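In what follows, chains are A, B, ... by sequence order, proteins preceding strands, each numbered from 1. In this text the structure is predicted, and so the values were computed from the model without any measurement.
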Amino acid sequence: MSAASNDDRIVRPEAEIKLETRGLNMYYGQTLALKDVAVAIPSRHITALIGPSGCGKSSFLRCLNRMNDEIQGTRIEGEVLLDGHSVYDNRIDLAQLRRQVGMVFQQPNPFPMSIYDNVAYGPRLHGQRERAELDGIVEASIRGAALWDEVKDKLRASALDLSGGQQQRLCIARVLAVEPEVVLMDEPCSALDPTATFRIEELMLELMERYTIVIVTHNMYQASRVSQYTGFFLMGELVEYGPTPGLFENPKDPRTDDYVRGRFG
Amino acid sequence: MIGARATGARLTQSFAFLLLWLAAAAVVVPILGIIGLMVVWGAKALTWDLLTAATGGLLPAIVGTAYLALLTALLAAPVGIGAAVYLSEYARPGPLVRLVRLAIVNLAGVPSVVYGLFGLALFVMLLGFGRSLLAGACTLALLVLPLVITASEEALRQVPPGLRQASLALGATRWQTVRRVVLPNSLPGIITGLILSIGRAAGETAPILFTAAFYSLSDPYPKSPLDEVLALPYQLFVMATEAPDVAEGTKWATALVLLAVVLFLNLGAIVVRARLRRGQRW
């Protein structure tokens, strides 16, 4: 069934491919959470993953930087390729993979330390000790996350004193500081108010010029506003994937049609 | 009718409330009673002279108890915190973890005199430490290990999972995450648990009875960890049971000092927690 539906519903982007999965199955214990997902994610674009709760979109996202490894009892089959190399290869350096493929979470989760130390956390982890170098990385990363003007005078203040939206941009800065190539975002705006959400969306469009972004979102409008490609997940299956306008205006699968028109989910 | 039922309910409510209040108050009575008794009977005898007298003074026992407590903490902290970190951050559920947890629960239930005998067999005799400060501290460390582990695990659990995930997602290893994020943020809870556990150990008699404590008036200070040591609980035990012609007031004063040492440690735990927690929230 699902193999037959793959023909024209899963579009392979024209652009250079950064991440690709083939025949990806994922299990939580005995439960199959992802079924035969085959998708190609274009470099330096924003790809949105939509679908109702529990459809597997977040699980899919966490396969891309192997964060599922940290969850008890998960198992995957199939392939996940970053620049054509398998990320589940035994020889891979997990720390290196996660530097290349950064992640922003649903709840802003700054460390209970200063703004500066939050951003310097990654570089320090990977051996950067030079004060001047760190200063440079911290400033560039915070600027990159469009937060500099708001925090430049209080880099030593606790990150927990920032607003939710600022905290989330700080978390983005923290990811940028380890110089990733891909930034995964797991519903990054669902805990934020509309103004903060707008700022993050603006930021994503800026980041797209340098980074490959994959965003999981509950919000279909957000997907249509920011992304160039969209994938629709339902019950662990990638139902449809292609350029965002086409998927929203002319869905090829009736289930996609129902979902984007708000008939369920 | 409705009014009558409401009155009945209100009466039941008041009665239940009274019972609960009594239960809560009953917790306070013993501690007030104990402290009161000691203060009334011991305070008069608690003179500067009693504390510092060259022979028969309490100072050597206070110092000995401090040595024991400190060494116990030094021994129990790395093992206890290490075990807690393993259980909370590394271990995958399975037979080994179940066994370890079962061991912790049962260790906590072993009577302290059994620890004393075990310490005598293992540390004093088999390992050849002799009756010494070291053997006593090792025995006390075993006694408090379950407390330290349980308190540390609880403190580690308080660290939000999102912080661990953030660290791992930045490319940190599990150990880097533990060292840089999890431990610093659980330290207040861990240290509080450790001090409370040491407070418990400082008041114990049975574990040091065969392993460390002695009663001497002439040469009271240990010169090395392999010397025997005076300790307040043991001093009190000897005064109350064996030593002839110790004034009644002296016994109560000794008890008062022991209680003060333990309460002081508990107070210390509260202060440390308050200090370290300042400005910390998530």
Side-chain angles (χ1 to χ4, degrees), chain A residues 61-62 64-73 93-114 117-127 141 157-161 167-168 170-180 182-186 191, chain B residues 84-101 152-192 272-282:
Chain A
L61 198 69
R62 287 196 305 267
L64 303 179
N65 64 345
R66 292 185 55 177
M67 279 302 280
N68 282 330
D69 290 20
E70 311 300 333
I71 301 172
Q72 234 5 250
D93 177 358
L94 204 55
Q96 178 59 31
L97 169 69
R98 289 179 182 159
R99 285 178 70 173
Q100 271 176 279
V101 185
M103 188 166 216
V104 177
F105 296 84
Q106 184 171 356
Q107 284 292 332
N109 53 2
F111 300 123
M113 25 174 116
S114 73
D117 289 340
N118 261 279
V119 182
Y121 184 87
R124 279 177 178 150
L125 213 55
H126 303 298
S141 306
S158 168
L160 301 179
D161 290 334
Q167 286 188 2
Q168 196 61 304
L170 180 67
C171 291
I172 293 173
R174 191 170 62 181
V175 169
L176 300 185
V178 297
E179 297 174 348
V182 181
V183 180
L184 308 176
M185 297 187 167
D186 190 357
Chain B
V85 167
Y86 172 75
L87 286 172
S88 139
E89 307 296 319
Y90 286 89
R92 307 235 145 177
L96 177 66
V97 169
R98 274 204 299 278
L99 189 70
V100 172
R101 293 204 182 281
S152 302
E153 255 203 292
E154 183 53 42
L156 292 168
R157 243 198 306 275
Q158 301 292 324
V159 177
L163 297 185
R164 292 180 180 84
Q165 292 201 0
S167 173
L168 292 169
L170 286 166
T173 60
R174 232 157 235 269
W175 172 244
Q176 286 171 322
T177 302
V178 166
R179 220 188 63 63
R180 294 168 191 241
V181 175
V182 180
L183 274 182
N185 287 296
S186 50
L187 214 53
I190 291 177
I191 292 184
T192 308
V272 166
R273 178 165 48 188
R275 286 238 158 163
L276 292 176
R277 283 258 166 97
R278 195 175 299 158
Q280 185 189 65
R281 71 241 107 105
W282 39 65

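Within a 6.0 Å sphere centred on CD of A:Glu179, other residues, nucleotides and ligands contribute 12 heavy atoms or fewer.
With a 4.5 angstrom heavy-atom cutoff, A:Arg174 touches chain B via backbone and side-chain atoms both. Proximity to chain B (any heavy atom under 4.5 Å) is restricted, for A:Phe105, to the side chain, taken from C-beta onward. In this structure, no portion of A:Pro108 lies under 4.5 Å from any heavy atom of chain B. With a 4.5 angstrom heavy-atom cutoff, A:Asp69 touches chain B only via backbone atoms. Proximity to chain B (any heavy atom under 4.5 Å) is shown, for A:Leu125, by both the backbone and the side chain. Neither the backbone nor the side chain of A:Arg62 comes within contact range of chain B; no heavy atoms are under 4.5 Å apart.
For the set A:Met103, A:Met67, A:Arg99, the count of heavy-atom pairs under 4.5 angstrom toward chain B peaks at A:Met67. The candidate from B:Gly162, B:Ala166, B:Pro93, B:Ala172 with the greatest count of non-hydrogen atom pairs under 4.5 Å with chain A is B:Ala166.
Here the side chain of B:Ser167 pairs no donor or acceptor atom with the backbone of B:Leu163 at under 3.5 angstrom. A distance-only check finds no donor-acceptor pair linking the side chain of A:Gln96 to the backbone of A:Asp93 [under 3.5 Å].
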*Go through the steps to decide whether A:Asp117 and A:Ser114 satisfy the test side chain to side chain donor-acceptor pair (under 3.5 Å), and finish with yes or no.*
CA-CA 5 Å; A:Asp117 289 340; A:Ser114 73; 3.3 Å; yes
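No salt bridge links B:Arg179 with B:Glu89; every basic N to acidic carboxylate O contact stays at or beyond 4.0 Å.
Listed by chain and number, the residues in a salt bridge (Lys or Arg N to Asp or Glu O under 4.0 Å) with A:Glu70 are A:Arg98, B:Arg174 (sequence neighbours excluded).
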